[in-house]
Amino acid sequence: MTSSSSSSDKAPSFEKTWGSSTSSGYCSADDSDSEFDQYFTAKTSFFTKRQKCKAQAKKDEATECGKQELSSADVQKQVKEYNSQINSNLFMHMNKDGSYIGFIKVQFKLVRPVSVAPSPKKASSRRKRSGVKRRTSFYLPKDTSKHLHISSHTSAREVIEALLKKFTVMDNPAKFALFERRERHEQVYIRKMSDNERPLPLRLSAGPSEKLLSFVLKENETGEVNWYAFSMPELNNFLRILQREEEEHVKQIMQKYAVARAKMQEALRGSTPG
């Protein structure tokens, strides 16, 4: 598929297509501007409804093309090409039944705290003392990521469940969703994947470049957090984390404006009156 023009009257499209049976991520004339319902970019507000619907038609066409199943020979050829671009040992391998296995990397972009099971020793001692099964809640670092070894049949829902299991997260998997993230023409496109979509074929189609395609785990719902469900130590810990993040954000803003102010003052000293 050829890339679209970068002019303002055409919405950007992806270089490659992928198989998808879901309609989430595509807009219609009556769709809302929710980030979970459609593709969005930093420049989304500059597109009119009419332009968005033109983009819908192109994306729907790409999706229909991506639904065509590849033959075993075509898949083997793609796997060989994919492995030739790998700079690590995260290769893909074909199975005798025509399926294949490989790695995907998932980044965590969670804005809410998660609940994890305590260590077996601590959990046992707590149950003996109180008779209540306890859990620990905390914020995952923003740069947290995990490589998963999956097959071409593994669904997005199974990926979410595997990630939560590896981090011993006790929250319901339905609270989370897997998102597909792509970069093109200095814009970022994010699409929520359906539970039945398969991430590894997307990885194979896009190649190993994380810029062309990456996967992100985010919250699946937008409701308010019930802070009354947390204990006092947990709430105090959240406040300390938020305070550090706020101080860092303020520091970055002050540095940004200090640099801008210095450049303007330098320009004023170099300019001549009149």
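Positions are given from 1 along the sequence.
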Taking side chain as C-beta onward, heavy atoms only, is Ile104 less than 4.5 Å from His147? no

Can you confirm whether Leu217 sits close enough to Phe179 that some side-chain heavy atom of one is under 4.5 Å from a side-chain heavy atom of the other? no

Give the intermediate values and the outcome of side chain to side chain contact (heavy atoms under 4.5 Å, CB included) for residues Gln78 and Leu204. CA-CA 7 Å; Gln78 281 196 348; Leu204 177 62; 3.5 Å; yes

Are the side chains of Thr154 and Ser151 in touch, meaning some heavy atoms are under 4.5 Å apart? yes

Should Ser214 and Lys105 count as side-chain neighbours, where that means a heavy-atom distance under 4.5 Å? no

Does Arg184 form a salt bridge (Lys or Arg N to Asp or Glu O under 4.0 Å) with Glu186? I'd like the steps, not just the answer. CA-CA 5 Å; Arg184 183 170 175 79; Glu186 299 182 353; over 6 Å; no

Does the side chain of Arg157 come within less than 4.5 Å of Asn196's, by heavy atoms? no

Can you list the steps and then say if Lys146 with Leu163 is a side chain to side chain contact (heavy atoms under 4.5 Å, CB included)? CA-CA 8 Å; Lys146 185 69 177 178; Leu163 287 170; 3.9 Å; yes

Should Val216 and Ile190 count as side-chain neighbours, where that means a heavy-atom distance under 4.5 Å? no

Tell me the closest heavy-atom pair linking Ser194 and Ala156, and the distance in Å. O-CB, 3.4 Å

Can you name the closest pair of heavy atoms from Leu200 and Gly102 and give their distance? CD2-N, 3.6 Å

I want to check something: taking the side chain as every heavy atom from C-beta on, are Ile150 and Arg198 in contact at a cut-off of under 4.5 Å? no

State, yes or no, whether a side-chain contact exists between Glu219 and Leu110 at a heavy-atom distance under 4.5 Å. yes

Of all residues at least two apart in sequence or in a different chain, which pass the ring-ring contact (aromatic ring centres under 6.0 Å, His included) check with Phe215? none

Please output the side-chain donor-acceptor pairs of residues 85-99 that fall under 3.5 Å, not counting sequence neighbours, one pair per line with the distance.
residue: Gln85; atom: NE2; partner: Glu81; partner atom: O; Å: 3.4
residue: Ser88; atom: OG; partner: Leu90; partner atom: N; Å: 3.4
residue: Asn95; atom: ND2; partner: Ser99; partner atom: OG; Å: 3.0
residue: Asp97; atom: OD1; partner: Ser99; partner atom: N; Å: 3.0
residue: Asp97; atom: OD1; partner: Ser99; partner atom: OG; Å: 2.6
residue: Asp97; atom: OD2; partner: Ser99; partner atom: OG; Å: 3.4

Could you tell me which non-hydrogen atom of Val159 sits nearest to which non-hydrogen atom of Pro199, and how far apart they are? CG2-CG, 3.9 Å

Measuring from atom CG of Leu202 to atom OG of Ser152, what distance do you get when rounded to the nearest 0.5 angstrom? 11.5 Å

Do the charged groups of Arg191 and Glu197 touch, with an N to O distance under 4.0 Å? yes

Using modelled atom types and a 3.5 Å cut-off, is there a donor and acceptor pairing between side-chain atoms of Asp171 and backbone atoms of Ser115? yes

Non-neighbouring partners of Phe167 that pass ring-ring contact (aromatic ring centres under 6.0 Å, His included), sequence neighbours left out: Phe108

Here the pair of heavy atoms bringing Pro201 nearest to Tyr100 is CA-OH, 3.2 Å

Pairing residues for Glu210 by the salt bridge (Lys or Arg N to Asp or Glu O under 4.0 Å) criterion, not counting sequence neighbours: Arg203

Between Thr144 (side chain only) and Pro141 (backbone N and O only), is there a donor and an acceptor less than 3.5 Å apart? yes

Transitively linked via ILVMFWY side-chain contacts under 4.5 Å: Leu148 with Phe176? yes

Between CE on residue Met193 and CG on residue Asp195, distance to nearest 0.5 Å: 10.0 Å

Residues 236-246 side chain polar contacts: donor-acceptor under 3.5 Å, at least two apart:
residue: Asn236; atom: ND2; partner: Met232; partner atom: O; Å: 3.2
residue: Gln243; atom: NE2; partner: Glu247; partner atom: OE2; Å: 3.3

Verdict with reasoning, Leu213 to Glu180, per side chain to side chain contact (heavy atoms under 4.5 Å, CB included): CA-CA 7 Å; Leu213 171 68; Glu180 169 194 3; 3.4 Å; yes

Results of ring-ring contact (aromatic ring centres under 6.0 Å, His included) for His149 - residues two or more places apart only: Phe103

For residues Ala174 and Asn220, report the shortest heavy-atom separation together with the two atoms involved. O-ND2, 3.1 Å

Interatomic distance, NZ@Lys175 vs CZ@Arg112, rounded to 0.5 Å, equals 8.5 Å

